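Take a look at the structure set out below.
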Number of protein chains: 2
Amino acid sequence: MTPAPNASPDLPAVPDAELLRLDHQVCFSLHAASRAFGGFYRRALKDLGLTYPQYLVMLVLWEDGPLPVKAIGERLHLDSGTLSPLLKRLEAAGMVRRERSREDERSVVVELTGDGERLRERALSVPRGVLAATGLSVEEVLGLQETLSRLTAALGEAVDAQ
Amino acid sequence: MTPAPNASPDLPAVPDAELLRLDHQVCFSLHAASRAFGGFYRRALKDLGLTYPQYLVMLVLWEDGPLPVKAIGERLHLDSGTLSPLLKRLEAAGMVRRERSREDERSVVVELTGDGERLRERALSVPRGVLAATGLSVEEVLGLQETLSRLTAALGEAVDAQ
DNA sequence: CATGATTGAGTTGTGCACAACTCAATCGCG
DNA sequence: CGCGATTGAGTTGTGCACAACTCAATCATG
């Protein structure tokens, strides 16, 4: 990556070994936080019969109505390899319908069923429980989200440049 | 979860529907950030022949020497269902040795091989690249880590109490 | 000391993430 | 118009996460 040691301007005196320890903590923290979130949602969503990623897809559909698979993937940064089977399971559960677009036969439009629409009402109580469980204030959550978004964007660019 | 609407003291006026949208953004942000991190590491670690979770295990072993599976699991919040096959793959790759403890035959101690030890040298360059890719300062990283740790702890307690 | 409970590792099954691929539909350019 | 490139879904294969389970080793209690 960076050939010369300590080449980054704002890290003048941090040795590699120290960074390795820091890295340990940071990437572990993010990984652990993401899984802790997943674990909490798993239980909160169990009644609704949804997994965490399925809930994310439903959130998108509740907000923006019928959408092609492509558009869902763009919003969630997921590709068809992840979405296709997930959407099949949502369809099997009776939450969505999938049908090929008539204008573009390559595209498959995903649409909520009546059951899928109705599930929204029951989902409304979930976020408040989650927010309470985080122990964070709304402001902290917004700040965290802002940092994470920047992080995601920066990492995405770095991957593209890799 | 919370039976009465708006019961949380510091959320006096936020309606459920708004929270659902906020939730959309927060849990998505965390999910996306975690995956973006994973994606970056996937590429950075490709040369080392490690996946991101395997790297986390190696970080633990590089720091704290030979450890039983249980101890690794405690440090990374992972259970044997995840660790057993992962450690088998690390063993197949020649990075670690696994052997049953003689004091307690239930326990399996994981130990770095020579190759595993030597890999540390090559791994030293990884974190600096990652830190640079995040676009965050060391202070921001530390702050983020602190918030995430609190988040993880709070969610863990909430799950236990569920 | 015996035996029931607990512990540690491993297995099985389900679902997600993602790379690499296929295949058909569409697009664009000569 | 024709044909090569691109696009959108889907499939396959690998690995991780986790629940639920098995099984042997160990512990603890009467």
Side-chain angles (χ1 to χ4, degrees), chain A residues 27-28 30-43 45-46 49-57 67-74 76-93 98-110 152 156 159 162, chain B residues 27-28 31-43 45-46 49-57 67-74 76-93 96 98-110 152 156 159 162:
Chain A
C27 68
F28 163 70
L30 193 56
H31 201 62
S34 174
R35 280 168 26 237
F37 239 80
F40 187 88
Y41 272 105
R42 194 187 329 283
R43 286 163 182 79
L45 295 172
K46 199 169 188 177
L50 294 176
T51 66
Y52 183 39
Q54 287 167 8
Y55 173 67
L56 293 177
V57 169
L67 283 174
V69 174
K70 184 75 195 306
I72 298 174
E74 276 164 3
L76 298 178
H77 299 186
L78 291 173
D79 67 4
S80 67
T82 299
L83 284 175
S84 288
L86 187 156
L87 289 169
K88 272 191 177 178
R89 283 185 285 269
L90 278 181
E91 187 174 44
R98 297 182 309 148
E99 44 190 54
R100 291 228 163 245
S101 162
R102 238 173 292 284
E103 305 102 63
D104 186 342
E105 292 271 335
R106 290 171 304 183
S107 179
V108 168
V109 175
V110 182
T152 302
V159 166
Q162 246 168 0
Chain B
C27 68
F28 164 70
H31 202 62
S34 174
R35 281 168 26 235
F37 240 80
F40 186 89
Y41 272 104
R42 194 187 327 283
R43 287 164 182 78
L45 294 171
K46 199 168 186 177
L50 294 176
T51 65
Y52 183 39
Q54 285 168 9
Y55 173 67
L56 293 177
V57 169
L67 283 174
V69 174
K70 184 73 194 307
I72 299 174
E74 276 163 4
L76 299 178
H77 299 186
L78 291 172
D79 66 5
S80 67
T82 300
L83 284 175
S84 288
L86 187 155
L87 290 169
K88 272 191 176 177
R89 282 185 285 269
L90 278 181
E91 186 174 45
V96 304
R98 296 182 308 149
E99 43 190 55
R100 290 228 164 243
S101 162
R102 239 173 293 284
E103 304 101 63
D104 185 343
E105 292 271 334
R106 291 171 304 181
S107 179
V108 168
V109 175
V110 182
T152 302
V159 165
Q162 247 168 0

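If you're wondering where the values come from, they're calculated on a predicted model, not measured in any experiment.
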Starting at atom CZ of A:Arg98, determine the distance to atom C1' of D:dG10, rounded to an integer number of angstrom.
-> 9 Å
Counting only side-chain N and O atoms of A:Lys70, is one of them less than 4.0 Å from OP1 or OP2 of D:dG10?
-> no
Of the listed nucleotides D:dA17, D:dA9, C:dA25, the one nearest the side chain of A:Val108 | D:dA9
Contact class for A:Ser107 (heavy atom, under 4.0 Å): base, sugar-phosphate, or nothing?
-> sugar-phosphate
Could you tell me the separation between the CG atom of A:Asp104 and the P atom of D:dG8, rounded to a whole number of Å?
-> 8 Å
Specify the separation, in whole Å, of atom CG of B:Leu87 and atom C1' of C:dG10.
-> 11 Å
Send over the distance from A:Lys46 NZ to C:dT14 C1', rounded to a whole Å.
-> 13 Å
Of all heavy-atom pairs between A:Arg100 and A:Glu105, which one has the smallest distance, and what is that distance?
-> NH1-O, 2.9 Å
Does B:Asp104 have any salt bridge (Lys or Arg N to Asp or Glu O under 4.0 Å) partners at least two apart in sequence or in another chain, and if so, which?
-> B:Arg106
Using a 4.0 Å heavy-atom cut-off across all strands, classify A:Pro68 as base, sugar-phosphate, or nothing.
-> sugar-phosphate
Please state whether the rings of A:Tyr41 and A:Tyr52 are parallel, tilted or perpendicular, taking 30° and 60° as the class boundaries.
-> parallel
Would one find a side-chain N or O of A:His31 under 4.0 angstrom from OP1 or OP2 of D:dA17?
-> yes
How close or far is atom P of D:dA19 from atom CG of B:Leu78, stated in whole angstroms?
-> 12 Å
I would like to know whether A:Thr51 and A:Leu45 meet side-chain contact (heavy atoms from CB on, under 4.5 Å); could you show each step before the answer?
-> CA-CA 7 Å; A:Thr51 66; A:Leu45 295 172; over 6 Å; no
Spacing of B:Asp79 atom CG relative to C:dT11 atom P, expressed in whole Å | 13 Å
Could I get the full list of salt bridge (Lys or Arg N to Asp or Glu O under 4.0 Å) partners for A:Glu74, not counting sequence neighbours?
-> A:Lys70
Taking atom P of D:dC18 as reference, at what distance in whole Å does atom CG of B:Leu76 sit?
-> 11 Å
May I ask you to say what B:Glu74 touches in the nucleic acid, namely base, sugar-phosphate or nothing, with a heavy-atom cut-off under 4.0 Å?
-> nothing
When rounded to the nearest 0.5 Å, the distance separating OG1 of B:Thr152 from CZ of A:Arg35 is 9.0 Å
Given DNA chain D, 5'-ward residue of the pair A:Gly81 and B:Gln54, judged by closest heavy atom | A:Gly81
NA contact type, A:Thr51, heavy-atom cut-off 4.0 Å: base, sugar-phosphate, or nothing?
-> sugar-phosphate
Of the listed D:dA24, D:dA17, C:dC18, the closest approach to the B:Arg106 side chain comes from D:dA24
B:Tyr52 OH to D:dT14 C1', straight-line distance once rounded to whole Å | 19 Å
Classify the side chain of A:Ser80 versus the base of D:dG10 as yes if they form a donor-acceptor pair under 3.5 Å and no if they do not.
-> yes
Determine: side-chain N/O of B:Arg100 to OP1/OP2 of C:dA9, distance under 4.0 Å, yes or no.
-> no
Ignoring backbone atoms, test whether B:Arg42 places a side-chain nitrogen or oxygen under 4.0 Å from the OP1 or OP2 oxygen of C:dA17.
-> no
Between A:Glu103 and B:Pro85, whichever has its closest DNA chain C nucleotide further toward 5' is B:Pro85
Which part of the nucleic acid does A:Leu86 contact within heavy-atom distance under 4.0 Å: base, sugar-phosphate only, or nothing?
-> sugar-phosphate
